[in-house]
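Following: one structure in structure tokens, then a few remarks.
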Amino acid sequence: MGDLNVSKLRTKKDRANYIYHLLNDIEALDLMIAKGLIEDAPIRIGAEQELCLVNNQFLPEGKSLELLKDINDNHFTTEISNYNLEINLDVLELKNDNFSKLHRELDSLLEKAKKAAAKKGIKIILTGILPSLSVNNVDEKSMTNVERYSHLNDAIKQGRRRQSFDIHIKGADEINLLHDSVMLEGCNTSFQMHLQLSPKTFVDNYNWAQAISGPVLSACTNSPILFGKELWSETRIALFTQSIDTRANSYLLNEKQSRVSFGSNWQTGSITDIFKDNISRFRSFLTTDFTRNSVDMVKNGETPKLKALRLHNGTVYPWNRVCYGEIDGKPNLRIENRYIPSGPTTTDEIANMMFWVGVMLGKPKQYNNIHEQWDFKDVKTNFFNAARYGMAAQFYWNGKYISSYDLILNQLLPMAYKGLYAAGVSPKDAEHYLKVIKDRIKLHNGSEWLVRNFRSLLKNHKRFEAMQLLTAKMYEKQETGYPVSTWSMLHHSQDNPFIKNRFVKHIMSYDIFSVDKNDSIELVLNIMKWKNIHHMPVIDTNRVLVGLITWKDLEAYLDNTKQKHNSIGKLMKTDLITVDEYTPVETAKRLMEDQAIGSLPVIKNNKLIGLITLNDF
């Protein structure tokens, strides 16, 4: 969709014109398939690399448009968040050492970006979700200033009848978040892989791509942390689904499918039926300029671009997406794998790609027409188990349960070797990259490395500080180029290289006890005794801070049995001094000293989000 000039569908005339061209494109695609015009061979591969920009503090740096201008290379393009960029790699035939060739091109383009970025004090990181991201980085101010993103945001919000996006993800930790835009989608950074396939067996191969998604993903997870919370092994899967959901909440049982989806059934019709299903389920909200009739072009021996169909397809996000394209005037069809995260290194990414392509092409004959053998819900369950548990997942495969470890090691890796060799990939290339997968499943993948080290960092550091340090350490490891399976665990200390640039967010306590103004003095006294705390915020049902109680306020009531049953509403201080999370630490410290106070509530939008005391300094 990035190469199309898009605008909103504003009038009935706009919509009618768009629908005409959309249906015309479907007819043209059917006609090309019937005439045998869709390219049957060779098999081609391609990829898109999404990346994150951070500053010297390893926090998101929203300078993508500036950096894009300095890089000045058509391989690079924008993403919805202004701290992300995307690299579109060249399309290559699947043969010889072309995976290594793709790897060299990726490294070369990244090096070009790194040199331009270094001049602006920017670093480039490959990761599924940047560990140092905060909620502040996902508001509309962080949207890249490109018209199509604002159109997309407005259209999706309008489709939800302006309801907030309700984000709820539960793992080891839990996130409940109401958000007012699609910008949470920008947290997700992926390595999207493309495989061109013959139209003759396309639908059956698409079903196979669905069947292997869970096991393939389990080896590649790299996004376990969002806003300092440990969630799924591949949190992107849950987050992307919820962050761009056009369905409005209602009191009715809602059977509508999300725009981000694994699907609900096997594909059993023609290739165009896959597109028709999406058009039937999801309405268009963008348009572009149309000048030619696609059916007429096919009849005249020309290759149409199918602009309307590609535009609609670009606003629907199945984890395995069917895409139409053309190379040297010849139309083709490919599967776009969208579920693999970015990083941890380019070596890991090319290994992921080779593993997926190898398993796709090495499918044993027993799995032909898999839609007649397996229940689709088993495959869908496998996918979400992989997203939740990574290499700890267990899959229902061919009628029995099997661990991710055993399935990959004993069945899928041999299958991948077979498929790659049959396609003419050099044995040296195949063995080099598939060994990366084998080592990873025996040792650890990206999500496991991140989780283990984040937990360790939290023993000596507050959450935000740990998020920042984890990002810095990941960058150091990434720059060596060695795959994640070789990364050793970090040896942690209480040292913090960012000590000079800290703000309240670095030192505040998130897990704080609070009380209601109607709670009794006796209850509050006991809570403070049990938890050995001396400052207790008082909040209402909406987490709005309404007062503060200190141990000194309550000491007089320790032995006063008559007064203990009274509420603390009359005792609490209501003339409060507060700070926001981005107040510099030194400013907060001076404020506490000047005001002779022992604690400072941290407020965002009038709501309590944290607390700092003298001990935090």
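Just the heavy atoms: all of them, side chains too, but no hydrogens, waters or symmetry mates, feed the values below.
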**OP:** Using the ring of F58 (Phe, Tyr or Trp, six-membered ring only), decide whether K123 places NZ or CZ under 6.0 Å from its centre and within 45 degrees of its axis.
**Re:** yes
**OP:** Salt-bridge test for D70 and K63: reply yes if a basic N is under 4.0 Å from a carboxylate O, no otherwise.
**Re:** no
**OP:** Taking the six-membered ring for Trp and the full ring for Phe, Tyr or His, determine whether the centres of W319 and F240 are under 6.0 Å apart.
**Re:** yes
Original post:
With sequence neighbours left out, what residues match K170 under salt bridge (Lys or Arg N to Asp or Glu O under 4.0 Å)?
Top reply: none
Original post:
Given Q49 and E86, is the side-chain hydrogen bond (donor to acceptor under 3.5 Å, both in side chains) satisfied, shown in steps?
Top reply: CA-CA 5 Å; Q49 171 74 73; E86 179 180 285; over 6 Å; no
**OP:** Establish, yes or no, whether a centroid distance under 6.0 Å links the rings of H103 and Y433.
**Re:** yes
**OP:** Can you tell me which residue pairs pass the salt bridge (Lys or Arg N to Asp or Glu O under 4.0 Å) test with a partner in residues 103-113, sequence neighbours excluded?
**Re:** D73-K112
Original post:
Would you find a donor on one side and an acceptor on the other, under 3.5 Å apart, between the side chain of S447 and the backbone of P224?
Top reply: no
Original post:
Within 45° of the ring axis of F262 and under 6.0 Å from its six-membered ring centre, is that where the NZ or CZ of K380 lies?
Top reply: no
**OP:** Evaluate side-chain hydrogen bond (donor to acceptor under 3.5 Å, both in side chains) for H75 paired with D90, printing each intermediate quantity in order.
**Re:** CA-CA 8 Å; H75 287 92; D90 293 335; 2.9 Å; yes
**OP:** Please check if the side chain of E174 supplies one atom and the backbone of I169 the other of a donor-acceptor pair under 3.5 Å.
**Re:** no
Original post:
Is it true that R44 and E39 make a salt bridge, defined as a side-chain N closer than 4.0 Å to a carboxylate O?
Top reply: yes
**OP:** Using a strict 4.0 Å threshold on nitrogen-to-oxygen distance, state whether D277 and R281 make a salt bridge.
**Re:** yes
